[in-house]
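Read the structure below first, then the notes.
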Amino acid sequence: VGDGGAAISEGQWIKNVNELQAMGKEDTTLKQTYFLYGDIDASATSKWNTDAGFSPVGTAGTTFAGTFDGLNHTITGLYINRSETSRVGLIGYASGTIQNVGMAGGRITGKNTVGGVVGQNWNIVKNVYNTGMVSGTNYIGGVVGENYGTVKNVYNTGAVGGTDYVGGVVAYNGNGVVENVYNTGAVSGNSNVGGVVGQNWNIVKNVYNTGDAHGDSDVGGVVGYNGGTVTNAYDVSSRTDAEKYKASTYQGFDLDTTGGQDMVWRIYEGYTTPFLKSFLKTVTVSGSNQTVEYDGNSHSIARDSLSYGTEIESGKVFLGARRNAGSCTLANMIYSVQDGYDFASENTFTIHPKSITASIAAGSTFDKTYDGTTEVKQPVQAAGLYDLDGVIEKDDVSLNIANASAVYADKNAGTGKAVNFTGLALSGNDAANYTFAGTASGTGNIAAKNITAGIAAGSTFDKTYDGTTAV
């Protein structure tokens with residue numbers, strides 16, 4: 001079993017875990033620029049160094065001052081078991097730049113200042129993620145233990161556990177900046193426990209957490225203890241899925257809801273929380289425009305009706321479904337995962353609202369005697385007077401009759417006269433799925449008005465008897 005001490009071949013290109021370890025062997029190697037040639041399987045490190053595993057690159061006395069660029073490759077199964085060692089991670093102590101790499105699986109254990117990627121950061125950590133378990137005593141972070149630089153565009157999904165100063169992404173943010181990050185992993189400790197940052201003394205912005213954070217004191221869904229500035233920070237761990245998957249939940253985020261935009265975040269509304277676009281591949285989806293009428297059912301599109309213009313991993317493409325009326329691009333009828341795709345499309349999928357009408361309840365009468373107006377005398381804002389026709393069973397739709405009014409077609413006497421009702425409106429959770437003219441029609445009768453004639457006051461009709469009744 002090797003100890004990871006092989007010399008680096010081909011200069012700055014890292015091809016295997018032995019070459020990865022060799023970055024930290026000498027002062028000169030700690031100042032160079034490195035690129036991953038491809039994905040690296042680091043599972044062999046579980047047997048290195050009498051089961052202590054990988055030796056972190058860089059210490060307080062011999063900091064890693066170079067650049068490590070993973071070129072979006074992944075290191076899988078890195079194992080570190082050094083419970084009496086501080087500043088532990090792939091990079092233990094960094095004053096250089098660590099970027100574009102994913103730490104998948106594995107397990108990293110140290111004493112203090114432990115991170116899934118970097119133990120202690122003094123410069124830049126960006127476009128990185130961790131999915132493995134991270135544990136220790138104090139200053140334990142899913143990505144970075146202590147930060148005095150910039151941590152940007154990173155995420156953690158692994159479980160993080162410690163005693164004090166424990167964070168899903170960063171355990172302790174001193175005078176650093178933590179920006180555009182999120183955590184989904186469980187975080188546990190005693191004090192200063194945060195879903196994103198355990199303790200903050202400077203800037204934390206544009207972050208969210210979905211993982212459970214547990215501790216005894218100074219515990220927060222985003223930040224455990226805050227002595228700095230926190231903006232656009234959201235703990236959605238206890239929110240409903242509908243709220244988590246809604247763009248408006250994340251006010252202030254540079255958030256793309258349609259795909260293909262030059263933004264930091266991408267959300268597939270209704271299906272995912274925001275993803276960091278730096279880990280997504282933009283793919284244009286094409287297909288025919290599709291339309292259906294609202295029928296109360298969920299509608300999806302056929303997988304084979306779409307083309308992508310490039311090879312994709314089918315396991316990272318999922319079909320969505322929509323029930324409610326509205327229009328979206330085909331890109332929002334499918335969705336992906338954080339290490340998948342940012343779908344964009346110019347083609348659309350539309351659910352047209354269903355047209356419905358209102359009618360007057362059977363047996364309703366609208367009769368009056370001619371009064372020279374078209375006014376209906378009966379109450380037209382009465383419950384039970386109207387029926388909605390065409391509503392899908394179990395939909396929450398009703399009539400709002402607060403502004404209802406009605407008039408006869410004309411003022412003249414007659415039978416079976418048209419009565420026109422207006423001012424009706426739809427209400428209810430499903431009302432937007434329907435179109436409605438706001439009118440109804442009924443019939444009524446206007447009876448002729450009885451009138452009499454009289455003789456004008458003061459009129460007299462006198463004569464001398466002439467043997468007739470004639471006036």
Side-chain angles (χ1 to χ4, degrees), residues 129 131 142 154-160 168-169 180-188 194-196 206-214 219-223 232-259 261 263-277 279-280 285 292 294-301 303 314-345 349 351 392 394-397 428-433:
Y129 66 87
T131 69
V154 309
Y155 70 92
N156 173 69
T157 65
V160 183
V169 177
N180 301 332
V181 310
Y182 72 90
N183 172 65
T184 67
V187 185
S188 61
V196 177
N206 305 331
V207 304
Y208 76 90
N209 172 61
T210 68
D212 293 329
H214 297 286
V219 180
V222 176
V223 174
N232 302 334
Y234 304 97
D235 175 30
V236 297
S237 58
S238 61
R239 300 278 193 97
T240 65
D241 284 349
E243 292 172 317
K244 290 179 185 178
Y245 302 157
K246 197 172 185 178
S248 60
T249 297
Y250 306 92
Q251 294 294 316
F253 276 29
D254 187 27
L255 185 56
D256 183 0
T257 60
T258 59
Q261 306 299 312
M263 295 179 171
V264 174
W265 300 90
R266 171 68 157 107
I267 191 172
Y268 290 96
E269 284 203 277
Y271 310 114
T272 72
T273 55
F275 293 145
L276 287 163
K277 295 189 75 167
F279 300 99
L280 299 174
V285 180
V292 296
Y294 175 77
D295 60 6
N297 296 315
S298 293
H299 294 269
S300 58
I301 54 179
R303 189 181 291 269
S314 60
K316 295 180 179 180
V317 182
F318 303 90
L319 295 179
R322 291 185 178 267
R323 174 183 182 274
N324 295 322
S327 184
C328 67
T329 69
L330 294 185
N332 280 349
M333 290 298 292
I334 56 178
Y335 61 100
S336 191
V337 290
Q338 175 61 93
D339 62 344
Y341 305 102
D342 169 27
F343 290 120
S345 180
F349 182 88
I351 299 178
I392 303 296
K394 296 183 179 180
D395 268 7
D396 177 20
V397 181
N429 293 328
D430 293 307
N433 292 314

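We number each residue from 1, following the sequence as shown.
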(message) Taking salt bridge (charged side-chain N to carboxylate O under 4.0 Å, His left out) as the definition, give me every residue that meets it alongside Arg323, ordered by chain and number, with sequence neighbours left out.
(response) Asp395, Asp430
(message) Suppose we screen for side chain to side chain donor-acceptor pair (under 3.5 Å). Which residues come up paired with Ser327, at least two apart in sequence or across chains?
(response) Thr350
(message) Please give me the minimum heavy-atom distance between Asp295 and Asn297, naming the atom from each residue.
(response) OD1-N, 2.9 Å
(message) Asn433: which residues meet the side chain to side chain donor-acceptor pair (under 3.5 Å) condition with it, sequence neighbours left out?
(response) Asn324
(request) Sequence neighbours left out, what passes ring pair (Phe, Tyr, Trp, His ring centres under 6.0 Å) with Tyr245? Give chain and number order. (result) none
(message) Enumerate the salt bridge (Lys or Arg N to Asp or Glu O under 4.0 Å) contacts for residues 324-338, please, sequence neighbours excluded, ordered by first and then second residue.
(response) none
(request) For Asp235, enumerate each residue passing the salt bridge (charged side-chain N to carboxylate O under 4.0 Å, His left out) test, keeping only those at least two apart in sequence or located in another chain. (result) none
(message) Measuring from atom CD of Gln251 to atom CG of Asn232, what distance do you get when rounded to the nearest 0.5 angstrom?
(response) 8.5 Å
(request) Could you tell me whether the side chain of Tyr341 reaches within less than 4.5 Å of the side chain of Val317, counting heavy atoms only? (result) yes
(message) My understanding is that only residues two or more places apart in sequence, or in another chain, count here; which of them pass side chain to side chain donor-acceptor pair (under 3.5 Å) with Glu243?
(response) Thr240
(message) Ala233: which residues meet the side chain to side chain contact (heavy atoms under 4.5 Å, CB included) condition with it, sequence neighbours left out?
(response) Val207, Val222, Val230
(request) Could I get the full list of side chain to side chain donor-acceptor pair (under 3.5 Å) partners for Asp396, not counting sequence neighbours? (result) Asn429
(message) Looking at every non-hydrogen atom in both residues, tell me the closest pair between Gly168 and Val160 and how far apart they are.
(response) O-CG2, 4.2 Å
(request) Can you see which heavy atom on Gly320 is nearest to which on Ser300, and at what distance? (result) O-CB, 3.1 Å
(request) Spell out, as yes or no, whether a donor-acceptor pair under 3.5 Å connects the side chain of Asn156 to the backbone of Thr131. (result) no
(request) Just jot down the salt bridge (charged side-chain N to carboxylate O under 4.0 Å, His left out) partners of Lys244, sequence neighbours excluded, or say none. (result) none
(message) Could you check, using the six-membered ring where one of them is a Trp, whether Phe253 and Tyr250 have ring centers closer than 6.0 angstrom?
(response) yes
(message) Measuring only between side-chain heavy atoms, which start at C-beta, is Leu319 closer than 4.5 Å to Arg303?
(response) yes
(request) Using only heavy-atom distances, determine whether the side chains of Glu269 and Tyr335 contain a donor-acceptor pair under 3.5 Å. (result) no
(request) With sequence neighbours left out, write down each residue that passes side chain to side chain contact (heavy atoms under 4.5 Å, CB included) with His214, or none if nothing qualifies. (result) Asp212
(request) Using atom types as modelled and distance alone, determine if a side-chain donor or acceptor of Asp256 lies under 3.5 Å from a backbone N or O of Gln261. (result) yes
(request) Kindly indicate, with the supporting measurements, whether the criterion side-chain contact (heavy atoms from CB on, under 4.5 Å) is fulfilled by Gln338 and Thr272. (result) CA-CA 9 Å; Gln338 175 61 93; Thr272 72; over 6 Å; no
(request) Over all heavy atoms of both residues, which pair between Phe343 and Val285 is shortest? Give the atoms and the distance, please. (result) CD2-CG2, 3.5 Å
(request) Identify the heavy atoms of Trp265 and Asn206 that sit nearest to each other, and give their distance. (result) CZ2-O, 3.5 Å
(message) Is any side-chain heavy atom of Phe318 closer than 4.5 Å to one of Ile334?
(response) no
(message) Tell me the closest heavy-atom pair linking Arg266 and Leu280, and the distance in Å.
(response) CB-CD1, 3.9 Å
(request) Go through the steps to decide whether Ile351 and Arg322 satisfy the test side-chain contact (heavy atoms from CB on, under 4.5 Å), and finish with yes or no. (result) CA-CA 8 Å; Ile351 299 178; Arg322 291 185 178 267; 4.1 Å; yes
(message) Counting neighbours of NZ on Lys316 that are heavy atoms of other residues, nucleotides or ligands and sit closer than 6.0 Å, is the number greater than 12?
(response) yes
(request) Look only at the side chain of Asn209 and the backbone of Gly221, and say whether a donor-acceptor pair between them is shorter than 3.5 Å. (result) yes
(message) Run the ring pair (Phe, Tyr, Trp, His ring centres under 6.0 Å) test against Tyr129 and tell me which residues pass, sequence neighbours left out.
(response) Tyr155, Phe279
(message) Between Ile267 and Thr273, is there a side-chain heavy-atom distance shorter than 4.5 Å?
(response) no
